[in-house]
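Notes to accompany the following structure.
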Amino acid sequence: MNNSYSRIKKADIIGIAGSSLCIVHCLGIPMLTTFSFGSSETPGVKYFFILLSFLSIYKSIERGQNQKLSFFLLSSFAGFLFSSLFEEEFGWLHEAGILFSLLIITGHVISIRSCKKCKNEEL
């Protein structure tokens, strides 16, 4: 069971790092564009963050026992996916995407904490 805990924790840490980088990217691109350091966002970056987010959530909930947390992470991902794909059409979805990234980070932190409790209960 220790190996399972380690894999879930790694997935959560990757998810936290990926969502944090996504937030930095989402906040940084408009600033760079404003100061003429860059033109616009490349679509590959958006799809990279979507894929990274999906894989980390999938691995995190793959063996998880907490269905409420799984629902929270999947709902946050669905919101993140929707906002990422349609933010060009609806400008307010940019801010929604940042919010959903924060929710994904929160879900991964909760997952790490609940996994530690499960690990301690098994000992």
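Basis for what follows: all heavy atoms, side chains included, without hydrogens, waters or symmetry-related copies. FYI, the numbering just counts along the sequence from 1.
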Can you tell me how far the CZ atom of F86 sits from the CD atom of E89, to the nearest 0.5 Å?
6.5 Å
Approximate separation, where rounding is to 0.5 Å, of R113 CZ and S111 OG
12.0 Å
For I16, run the side-chain contact (heavy atoms from CB on, under 4.5 Å) check against I112, L21, T106, I104 and tell me which one passes.
I112
How many angstroms lie between CG in L103 and CD1 in I110, if you round to the nearest 0.5 Å?
9.5 Å
Using side-chain heavy atoms (C-beta onward) and a distance below 4.5 Å, is V109 in contact with D12?
no
Taking every non-hydrogen atom, the tightest pair across S114 and L69
OG-CD2, 4.1 Å
Return all side-chain donor-acceptor pairs below 3.5 angstrom for residues 75-85, not counting sequence neighbours, or 'none' if the list is empty.
residue, atom, partner, partner atom, Å
S75, OG, F71, O, 2.8
S76, OG, F72, O, 2.8
S83, OG, G79, O, 3.0
S83, OG, F80, O, 3.0
S84, OG, F80, O, 2.9

Closest non-hydrogen atoms of S56 and A11, given as atom of the first, atom of the second and distance, are CB-O, 3.4 Å
For residues S20 and I105, report the shortest heavy-atom separation together with the two atoms involved.
OG-CD1, 3.5 Å
Y58 vs F54 aromatic rings, parallel, tilted or perpendicular, using cut-offs 30° and 60°?
parallel
Flag the pair H108 / I13 as yes when at least one side-chain heavy-atom distance between them is below 4.5 Å, and no otherwise.
no
Can you tell me how far apart CD (E87) and CD1 (I98) are? Round to the nearest 0.5 Å.
9.0 Å
